[in-house]
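Below, each value reflects all heavy atoms present in this structure, side chains not excepted, and no hydrogens, waters or symmetry copies. Quick caveat: nothing in here was measured; it's all calculated off a predicted structure.
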Amino acid sequence: MKSLSPIEVWIRRAPGVAAIMGFIVVIVLTASTPESRLAPLPDLGGAIGWLNSAPLSSKSLRGKVVLVNFWTYSCINSLRELPYMKSWAAKYKDAGLVVIGVHTPEFGFEKERANVEAAVGDLKVAYPVAIDSNYKIWQAFGNEYWPADYVIDAKGRIRYHHFGEGEYVESERFIQELLKENGVTGLDESAVRISADGAEAPPGGDVQSPETYIGYRQAERFASPERLAQDSRKTYSRPAGPSLNRWGLSGSWSVGAESGVLQAAPGKIVFRFHSRDLHMVLGPAKDGKPVRFKVSLDGTAPGQDCGADSGPDGTGEVRDPRLYQLIRQKGQVEDRTFEIEFLDPGVQAFSFTFG
């Protein structure tokens with residue numbers, strides 16, 4: 001039979017499409033589901049490379065229970081799910097579970113093997129990772145979401161889908177059931193307990209700000225007095241008193257489809273937000289030079305509300321293209337005005353995410 005369970009989670013949909021919050025469907029195909037309705041594990045041969053493993057295939061994985069996790073390393077939703085992937089991979093490895101992270105990029109810098117390899121190392125991901133920079137595996141699965149999880153039984157059939165964060169106990173229970181179907185006995189059936197910090201920590205309970213892109217392809221709620229120019233240098237003015245979830249630029253910027261690039265220092269970005277955490281996806285200058293920055297909350301240094309990538313005085317550096325946690329509020333969450341000033345030119349600013 002097919003069981004449908006609507007759940008409410010944060011989820012990011014399709015390359016280049018904004019994160020949404022809403023109802024999604026978990027599909028569970030049980031042992032009694034007719035064989036004709038069970039889709040086989042698609043081909044994994046489209047990867048441009050593999051990390052932590054030789055290339056894997058549906059043939060080489062036959063006899064194993066497989067968890068395929070679609071993710072991308074600058075996606076906050078993927079990062080918050082990552083502690084569960086790592087824990088399940090370690091806990092059930094000897095029982096025959098193979099976790100495969102399929103890294104499918106959203107931003108251009110995530111297509112580069114060197115960047116993916118560095119992120120996998122920094123994030124301490126030890127299980128196999130397929131580098132799906134050409135979206136071949138994504139397309140073979142017909143996938144549309146980050147993160148997305150597919151659990152495959154020992155006969156190579158997809159038995160479970162889950163899109164987005166959450167439902168971790170239910171997902172682990174289903175993994176256990178497929179392992180037992182495959183003859184495993186003596187499993188520790190308790191759910192893993194996760195303690196994560198930084199960007200991998202669970203989101204706060206009061207998030208009223210949506211993911212927001214800076215590139216013109218998906219930019220929304222832009223509040224600077226000047227109109228956003230496409231692919232050309234323009235000087236912008238800081239918006240005066242932006243309302244909730246509106247943002248703006250200050251200084252000389254060139255805004256492309258995917259990101260805004262600071263043409264001359266200093267330059268600023270301001271955002272009125274409501275959440276515990278504020279993150280930005282940022283990259284250094286195209287020549288690789290680090291970019292210094294300083295952040296503030298309501299015009300003052302963040303102090304104890306600084307994030308993992310900023311100091312109490314608000315200072316930090318953009319050295320690698322990735323997600324930066326800039327604010328983690330310790331007290332009551334309320335509307336705040338965030339500002340980041342870049343002290344060197346060339347920074348690439350892609351998006352804001354919240355938690």
Side-chain angles (χ1 to χ4, degrees), residues 10 12 18-21 74-77 107 199 203-204 206-229 234-256 258-262 265-283 291-303 305-311 314-316 318 322-343 347-355:
W10 280 95
R12 185 179 288 180
I20 60 173
M21 190 175 192
S74 75
C75 170
I76 187 61
N77 314 97
F107 298 116
D206 184 10
V207 181
Q208 298 182 30
S209 292
E211 180 172 25
T212 299
Y213 291 86
I214 294 169
Y216 62 74
R217 185 171 55 208
Q218 297 178 81
E220 297 180 291
R221 298 177 294 277
F222 183 67
S224 286
E226 302 79 13
R227 292 192 60 173
L228 200 63
K234 186 171 182 176
T235 299
Y236 297 91
S237 305
R238 185 188 190 282
S243 57
L244 183 64
N245 297 329
R246 295 183 69 81
W247 64 281
L249 301 171
S250 174
S252 179
W253 293 82
S254 178
V255 178
E258 189 173 81
S259 67
V261 180
L262 181 63
K268 298 179 181 180
I269 306 178
V270 62
F271 198 114
R272 184 75 171 171
F273 76 104
H274 187 112
S275 66
R276 183 193 67 192
D277 300 343
L278 181 147
H279 316 91
M280 291 188 73
V281 178
L282 301 167
V291 175
R292 297 167 298 153
F293 65 77
K294 189 170 185 177
V295 304
S296 65
L297 276 178
D298 297 330
T300 63
D305 292 331
C306 63
D309 294 299
S310 61
T315 60
V318 179
R322 62 176 177 88
L323 181 140
Y324 288 77
Q325 186 186 79
L326 301 174
I327 298 295
R328 166 153 288 177
Q329 297 192 74
K330 307 301 189 296
Q332 181 178 348
V333 174
E334 54 189 21
D335 293 3
R336 307 291 295 273
T337 297
F338 167 85
E339 184 174 278
I340 182 167
E341 179 178 20
F342 299 103
L343 306 178
V347 71
Q348 301 173 74
F350 294 86
S351 66
F352 286 89
T353 57
F354 303 90

[X]: what forms a salt bridge (charged side-chain N to carboxylate O under 4.0 Å, His left out) with it, not counting sequence neighbours?
{"X": "Arg336", "value": "Asp298"}
{"X": "Lys294", "value": "none"}
{"X": "Glu341", "value": "none"}
{"X": "Arg276", "value": "none"}

Polar side-chain atom of [X] near backbone of [Y] as donor-acceptor pair, under 3.5 Å:
{"X": "Lys234", "Y": "Arg227", "value": "yes"}
{"X": "Asp277", "Y": "Arg328", "value": "no"}
{"X": "Trp247", "Y": "Glu220", "value": "yes"}
{"X": "Asp309", "Y": "Gln325", "value": "yes"}
{"X": "Arg238", "Y": "Ser250", "value": "no"}
{"X": "Arg272", "Y": "Asn245", "value": "no"}
{"X": "Glu226", "Y": "Ser237", "value": "yes"}

Kindly indicate whether the side chain of [X], heavy atoms from C-beta on, has any atom under 4.5 Å from the side chain of [Y].
{"X": "Val281", "Y": "Tyr213", "value": "no"}
{"X": "Phe352", "Y": "Phe338", "value": "yes"}
{"X": "Phe107", "Y": "Ser351", "value": "yes"}
{"X": "Leu262", "Y": "Val291", "value": "no"}
{"X": "Val347", "Y": "Trp253", "value": "yes"}
{"X": "Ser259", "Y": "Ile214", "value": "no"}
{"X": "Phe222", "Y": "Val255", "value": "no"}

What closest approach, in Å, do [X] and [Y] show between heavy atoms, and which atom pair accounts for it?
{"X": "Leu244", "Y": "Ser209", "value": "CD1-OG, 4.4 Å"}
{"X": "Gln208", "Y": "Pro210", "value": "O-CD, 4.1 Å"}
{"X": "Gly355", "Y": "Val207", "value": "C-CG2, 3.6 Å"}
{"X": "Ser296", "Y": "Pro302", "value": "CA-CD, 4.5 Å"}
{"X": "Phe273", "Y": "Leu297", "value": "CE2-CD2, 3.7 Å"}

**Request:** For Phe293, enumerate each residue passing the ring pair (Phe, Tyr, Trp, His ring centres under 6.0 Å) test, keeping only those at least two apart in sequence or located in another chain.
**Result:** none
**Request:** Give me the one residue out of Thr337, Leu249, Ile340 that meets side chain to side chain contact (heavy atoms under 4.5 Å, CB included) with Val270.
**Result:** Thr337
**Prompt:** Stepwise, does the ring-ring contact (aromatic ring centres under 6.0 Å, His included) test hold for Phe354 with Phe271?
**Reply:** CA-CA 12 Å; Phe354 303 90; Phe271 198 114; 5.2 Å; yes
Nearest 0.5 Å, please: how far is [atom2] in [Y] from [atom1] in [X]?
{"X": "Thr353", "Y": "Leu323", "atom1": "OG1", "atom2": "CG", "value": "4.5 Å"}
{"X": "Ser224", "Y": "Lys268", "atom1": "OG", "atom2": "NZ", "value": "12.0 Å"}
{"X": "Arg322", "Y": "Leu282", "atom1": "CZ", "atom2": "CG", "value": "9.0 Å"}
{"X": "Glu258", "Y": "Gln348", "atom1": "CD", "atom2": "CD", "value": "8.5 Å"}

**Prompt:** Who passes side-chain hydrogen bond (donor to acceptor under 3.5 Å, both in side chains) against Ser254, sequence neighbours left out?
**Reply:** none
**Request:** Go through Ile76 and Glu211 one step at a time and tell me if the side chain to side chain contact (heavy atoms under 4.5 Å, CB included) criterion holds.
**Result:** CA-CA 10 Å; Ile76 187 61; Glu211 180 172 25; over 6 Å; no
